[in-house]
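Down below is the structure, laid out as structure tokens.
Ligands are counted one by one from 1 in listed order, and the atoms in each one are counted from 1 as well.
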Amino acid sequence: MEHEEGSTLEFVWITIVAAVIAGLAASMAYYGFAKGFNPVCNATPISIEDIEAGRFEPGVEEIAPGIYRVNIVARQFSFEPSEIVLVDPKRVEFRVVSMDVIHGFQIPGTSVNSMVLPGYIGVFVWEPPEGIEGEFLILCNEYCGLGHDYMRAVVKISSSSSLLEG
Ligand code: CUA
């Protein structure tokens, strides 16, 4: 009798665990296939050879007043450029590539926080609050090797009005 009760309970728990696993798998399948939530699915592929051949130039470009495009090359253990100067930015599109391993790209205190995968151009858009000024750190937040702690860059933001005053 005791033995039979034990088997029944075991069967109940196996059913519950199987249902939880099936539910998780179904939810992943739903978001992956039906909703299209996939990592790097919108990223443009780029090879390290392409970057080395100059098909991705690091640097800052103001494509319209206040609209910036910033190309960044991440590698062990630096970001290039390491200093990004912006005046009155309204919208900043960071395009980040990695020359080696997975790096992170985070501006603490903002919504910019993502992985940088080798083989893809990661695009991260930041719309800074109006009138923002100061220095903002860019950090690598994926452990990428012994120099990981030193991998950083800085965004220096000024407003044109304060430049005139100063
Ligand atoms: Cu790059 Cu940590």
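- Taken together through direct or relayed side-chain contacts under 4.5 Å among Ile, Leu, Val, Met, Phe, Trp and Tyr, V154 and I107 form parts of separate hydrophobic clusters.
- With a cut-off of 2.8 Å, atom 1 (Cu) of ligand 1 has an N, O or S atom of C144 in range.
- Within H103, the N, O or S atom lying nearest to atom 1 (Cu) of ligand 1 carries the name ND1.
- Follow the hydrophobic side-chain contacts under 4.5 Å out from V73 and you never reach V85; the two are in separate clusters.
- I84 and L137 fall into different hydrophobic clusters, where Ile, Leu, Val, Met, Phe, Trp and Tyr residues are linked whenever their side-chain heavy atoms come under 4.5 Å apart, directly or through other members.
- Here the angle centred on atom 2 (Cu) of ligand 1, running from ND1 of H148 over to O of E142, is 90°, rounded to 10°.
- Using a 4.5 Å cut-off between side-chain heavy atoms of Ile, Leu, Val, Met, Phe, Trp and Tyr, with links allowed through other members, V116 and V112 fall into the same hydrophobic cluster.
- Counting backbone and side-chain atoms alike, M151 contributes an N/O/S atom closer than 2.8 Å to atom 1 (Cu) of ligand 1.
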